[in-house]
**Q** 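One structure coming up, written as structure tokens, with questions to follow.
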Amino acid sequence: MKLTDKTGAKAVEEISIVLRKELKEWYNAQDTRSWLSQAFLTVGIFGILMPATAKGDVMAFVAILAAVVLPVALAGTVISDVFAGERERGTLETLLATPLSDRALFVGKVLSRVVYAWVGAMMVFAAGIITLWATKHRIRFSTGLFALPVLAAPLVAFPIADIGAIISIRAKSVRSAHQIISYFVLALIIGVSTLFVVPRDWQNATLHALERAPLLVLLCLLVVDYLCLWVSLRTFRRSRLILAACSTVQTKGNAVEFDRRETQRREDAKAAKKY
Amino acid sequence: MEAAIVTNGLTRTFDGLRAVDRLDLEVPQGIIFGFLGPNGAGKTTTIRLLLGLLEPTAGSAKVLGFDLSQADRIREHVGVVLEQPGLYTRLSAYDNLDFFAAAYRVPATQRKARIRDLLTHLGLWERRNDFVDTYSKGMKQKLAFARALLHRPSLIFMDEPTAGLDVPSAAALREDIVNLVRGSGTTVFLTTHNLAEAESMCDLIAVINKGKLVTVDTPDRLRTGARKPQVRIVGRGFSPQAVDALRRLPQVISVTQSKGSLHVTIRRGDKVSPVVKALTEQGAEIEEVVHTTASLEEAFLALLDETDGQDGGESRGRN
């Protein structure tokens, strides 16, 4: 990506312009009933039902759910629309014609999905703790267990949203983007789930190691996020988005179709003239 | 005064297919510049190149004095109205304009006033808080026009802005565009398939076909240059002898006859009086002599036919 000479403040302002628009548009897209049913289902299943019925280190289970599983699942669910949706709704070209930088467009859109995933994960985390308290499970108050979900959730959601945005740029439609992203999400969730099928000793050892070194975990996630963003910004191009909207095959097709129609139209005009 | 747009050999190739082929164009400031061509001629690709949304394969261009490599500067100073309004249907009209005003760096202190002025002027202020998906196509296109004006650009690209609009909506939008240019000196780069629209609005018209520039001229000169002068003579007594006498005149190219009238094509620069004289000498009674000129549509089709002939029927230039 060609880096512009914009100051950091200007870049942040541009990102916030895109972020605000995305969140507002996304919020308006659903009515109150739809919002409530989504929140009720997510919190009900992941924040109440699963913690209430879980066994073993239930506190760690809730923390992993909020820090990893939900950010991945929620970000993966909503990211497919980010560029492919703009293209389908016919708003992409006008957006690209604005002076907003490539960086602002990409980061603003990715962050909007990260915010969604984070809010969802935190709602479930809060509901999970309340459920544990209500069902008289033992709640361990360790910094790691409380800080990791809050701070790690957005950092875990970011790479998924980032990769999903790149897929959304290249995909022909929202549906095809969604299908590809689903495989990534599924693979990650299966990867995390293996933690719950390994022997109890290994499980405890891993959880305690993560719990004891939250800063190291966050630092690793930050590095991964930075690398993902760096690669994405280097590959993100306005022209690529435009070309994806009008592929070479389509352009050729248009030219052939144009020739056919034009020949027909002129023959009709000549016939009408003679008549 | 520097031209608003200058292109030199601007070329864009898609996988060997030349969508825009060595385009040399100069668009003066403060006019409505029509850019006409059939579907697939390269109009939209040209606009995308000039907006810096696509990179040229060859050639160069300057838009408002900025080179295409300064695409972000170009985008700061131009407005766009495309065939699709490009509005966020899940935002209100006001929120749409507020977002684009921020994107185009309109100072926060001026945003409200500018949005109010534009929406009031275009008759949309009362519905500013309605979601855009409740708007008619005409209202959406008006709103898109308002969006293009928010940052007071020096140049506006309009890609078939009235396509799909009903007659009153299209007429209202055309009037707004013309008023804008006459009032503020903004340059408009307009592509359209509506030749009557181009004829009534544009100061200069360029015709592009298969990626190549065919001609640039005023609408009047395009029409008059399209075919030889023709007169329609209405009257009685146009006998075969009278028609033969006309055909023998050196200034007459062709004569066709239809109910009570003759259509006579004469050589450019010649007068009609010898034609009238020859007819009256043959006993014809003449009631009316009308000079007819080609419509812009005829001129446009003639230009396309000429270029197709030059290309020898090949569908598109290839590298």
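By convention in this document, chain letters (A, B, ...) are assigned in the order of the sequence lines, proteins followed by strands, and residues within each chain are numbered from 1.
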**Q** Supply the atom-to-atom distance A/Thr91 OG1 to B/Gln84 CD, rounded to the nearest 0.5 angstrom.
**A**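 These two atoms lie 9.0 Å from each other.
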
**Q** Could you walk me through whether A/Leu95 and B/Phe99 satisfy the side chain to side chain contact (heavy atoms under 4.5 Å, CB included) test, starting with their C-alpha distance in whole Å, then the side-chain angles of each, then the deciding distance to 0.1 Å, before giving a yes or no?
**A** CA-CA 10 Å; A/Leu95 179 68; B/Phe99 163 66; 3.6 Å; yes

**Q** Rounded to the nearest 0.5 Å, what separates atom CZ in A/Arg238 from atom CG in B/Asp72?
**A**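 Between A/Arg238 CZ and B/Asp72 CG, I get 8.0 Å after rounding to 0.5 Å.
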
**Q** Output the option from B/Leu51, B/Leu82, B/Val80 having the highest count of non-hydrogen pairs under 4.5 Å with chain A.
**A**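 Most heavy-atom pairs within the cutoff with chain A belong to B/Leu82.
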
**Q** Would you please say whether a donor-acceptor pair under 3.5 Å links the side chains of B/Tyr88 and A/Glu86?
**A**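 On atom types as modelled, these side chains qualify, holding a pair under 3.5 Å.
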
**Q** Indicate yes or no: at least one non-hydrogen side-chain atom of A/Glu14 is less than 4.5 angstrom from one of B/Arg105.
**A**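 When only atoms from C-beta onward are counted, B/Arg105 and A/Glu14 do touch, with a gap below 4.5 Å.
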
**Q** Show the nearest heavy-atom pair for residues A/Ile17 and B/Ala102, with the distance to one decimal.
**A**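 Looking at all heavy atoms of both residues, the shortest contact is CD1-O, 3.5 Å.
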
**Q** Over all heavy atoms of both residues, which pair between B/Tyr104 and A/Ala97 is shortest? Give the atoms and the distance, please.
**A**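 Nearest heavy atoms, B/Tyr104 then A/Ala97: OH-O, 3.4 Å.
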
**Q** Okay, side chain of B/Arg75, backbone of A/Leu100: is any donor-acceptor separation there less than 3.5 Å?
**A**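 No; zero donor-acceptor contacts below 3.5 Å.
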
**Q** Drop me the distance from B/Leu54's CG to A/Ile242's CD1, to the nearest 0.5 angstrom.
**A**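 It is 6.0 Å, given to the nearest 0.5 Å.
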
**Q** Identify which of B/Leu87, B/Asn96, B/Thr256, B/Leu91 forms the greatest number of heavy-atom pairs closer than 4.5 Å to chain A.
**A**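 Among the listed options, the one with the most contacts to chain A is B/Leu91.
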
**Q** Indicate yes or no for a side-chain donor-acceptor contact from A/Asn28 to the backbone of B/Arg90 under 3.5 Å, with no hydrogens or angles considered.
**A**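 The answer is yes, because a donor-acceptor pair under 3.5 Å joins these two groups.
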
**Q** Is B/Phe100 close to chain A through its backbone or its side chain, or both, or neither, when contacts mean heavy atoms under 4.5 Å?
**A**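 Contact with chain A is through the side chain of B/Phe100 alone.
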
**Q** Measuring heavy-atom distances to chain A, does B/Arg73 have an atom under 4.5 Å in its side chain, in its backbone, in both, or in neither?
**A**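 Nothing of B/Arg73, per the 4.5 Å heavy-atom cut-off to chain A.
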
**Q** Looking only at heavy atoms, what is the nearest atom pair of B/Pro85 and A/Thr94, with distance?
**A**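 Where B/Pro85 meets A/Thr94 most closely, the heavy atoms are O-OG1, 4.1 Å.
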
**Q** Relative to chain A, which segment of B/Asp95 carries a heavy atom at a distance below 4.5 Å: side chain, backbone, both, or neither?
**A**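 It is the side chain, since no backbone atom gets that close.
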
**Q** With a 6.0 Å cut-off (strictly less than), is the heavy-atom count around NZ of B/Lys137, excluding the residue itself, greater than 12?
**A**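 Yes.
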
**Q** Kindly check if the number of other-residue, nucleotide or ligand heavy atoms within 6.0 Å of CD (B/Glu55) is above 12?
**A**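 Atom CD in B/Glu55 is not crowded, with 12 or fewer foreign heavy atoms closer than 6.0 Å.
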
**Q** Give a yes or no on this: more than 12 heavy atoms of other residues, nucleotides or ligands lie within 6.0 Å of atom CZ of A/Phe184.
**A**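 Incorrect, the count does not exceed 12.
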
